[in-house]
Amino acid sequence: MNSNTSAISAASTQFSAAAGTGAAHRVDAGAAVTLQPRQSCEIVMGSGTAWLTFGGQPGRRPLARMGDLRLGPGTRLTLAAGDEVVLEPIAPAAGARVEPVCFTLAPLAAPLLNWQASVVEPARELAQALAATGRALQRLMAGVALWLRRPGLGGA
């Protein structure tokens, strides 16, 4: 580790990615770090293998940003402002030793599209509207079927 690398060796550490963009960071085996960027940035994995878990409120996060990811050397992952992730070193393969993870947080030139407000929420609203439309169509068809089977409809 050189003088430009900060070591993270506590059991669980939290820091703002905005303060740490551009710098190299190291997470020792057995430790974890929570990243909460104030601005959009990119995690660039230098060495080691890490398990990354998206945190925060599941209902306010796009489905594509839920769950866990495995990050290896050279992996790049964009984080939006406000994302919350936990990163911890893992073994690269079964039976292998867990090595420290080194990564940098690179600032993005342009701000990211607010995915939640621009895509997820309208998609959720559309899904709800389509479901309501389907229910209304079912009720309409049942009503028409009842009306057509009513007594006295076909002249006698």
Side-chain angles (χ1 to χ4, degrees), residues 1-139 141:
M1 179 171 66
N2 62 36
S3 61
N4 293 331
T5 304
S6 65
I8 301 168
S9 56
S12 178
T13 305
Q14 183 172 342
F15 72 98
S16 164
T21 52
H25 303 281
R26 175 185 155 130
V27 183
D28 292 327
V33 63
T34 300
L35 305 172
Q36 295 176 306
R38 289 187 211 130
Q39 64 188 40
S40 298
C41 63
E42 184 177 49
I43 294 176
V44 181
M45 293 292 294
S47 63
T49 303
W51 194 253
L52 182 130
T53 302
F54 282 91
Q57 301 173 343
R60 301 194 46 87
R61 185 174 61 243
L63 289 177
R65 304 292 281 185
M66 295 178 72
D68 301 320
L69 297 173
R70 185 177 185 275
L71 306 178
T75 303
R76 301 172 86 87
L77 177 70
T78 300
L79 296 178
D83 277 350
E84 179 182 317
V85 298
V86 176
L87 184 120
E88 60 184 302
I90 60 170
R97 200 174 109 209
V98 177
E99 297 290 333
V101 169
C102 291
F103 66 96
T104 58
L105 296 172
L108 296 177
L112 284 180
L113 168 73
N114 184 340
W115 180 259
Q116 182 72 27
S118 300
V119 177
V120 174
E121 290 172 7
R124 186 178 301 130
E125 292 169 6
L126 178 60
Q128 291 169 350
L130 290 173
T133 301
R135 289 189 300 271
L137 185 58
Q138 286 176 336
R139 290 194 325 267
M141 297 308 292

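Given the structure is predicted, the values throughout are model-derived calculations rather than measurements.
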Original post:
Residues two or more places apart in sequence or in another chain: which of them pass side chain to side chain donor-acceptor pair (under 3.5 Å) with R76?
Top reply: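 R76 satisfies side chain to side chain donor-acceptor pair (under 3.5 Å) with E42 only.
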With sequence neighbours excluded, residues passing side-chain contact (heavy atoms from CB on, under 4.5 Å) with [X]:
| X | answer |
| --- | --- |
| R97 | E99 |
| A123 | none |
| L71 | M45, L52, L69, T75, L87 |
| T53 | W51, D68 |

To check you understand the geometry: which heavy-atom pair defines the closest contact between [X] and [Y], and what is its length?
| X | Y | answer |
| --- | --- | --- |
| I90 | A50 | CG1-C, 4.0 Å |
| A80 | S40 | CA-OG, 3.9 Å |
| P73 | G48 | CD-O, 3.3 Å |
| A96 | A91 | O-CB, 3.3 Å |

Original post:
Can you pull the salt bridge (charged side-chain N to carboxylate O under 4.0 Å, His left out) pairs that have at least one residue in residues 126-136, sequence neighbours excluded?
Top reply: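 Non-adjacent pairs meeting salt bridge (charged side-chain N to carboxylate O under 4.0 Å, His left out): zero.
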**OP:** Could you check I43 against L35 for side-chain contact (heavy atoms from CB on, under 4.5 Å), going step by step and ending with a plain yes or no?
**Re:** CA-CA 10 Å; I43 294 176; L35 305 172; 3.7 Å; yes
Original post:
Side chains of R70 and T49: does their closest heavy-atom pair fall under 4.5 Å?
Top reply: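 Counting from C-beta outward, R70 and T49 do come under 4.5 Å.
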Subject >> Reported CG-to-OG1 distance for the pair L126 and T133, which is rounded to 0.5 angstrom >> reply: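 Between atom CG of L126 and atom OG1 of T133 there are 9.0 Å.
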Original post:
Where do H25 and V27 land on the side-chain contact (heavy atoms from CB on, under 4.5 Å) test, with the steps shown first?
Top reply: CA-CA 7 Å; H25 303 281; V27 183; 5.7 Å; no
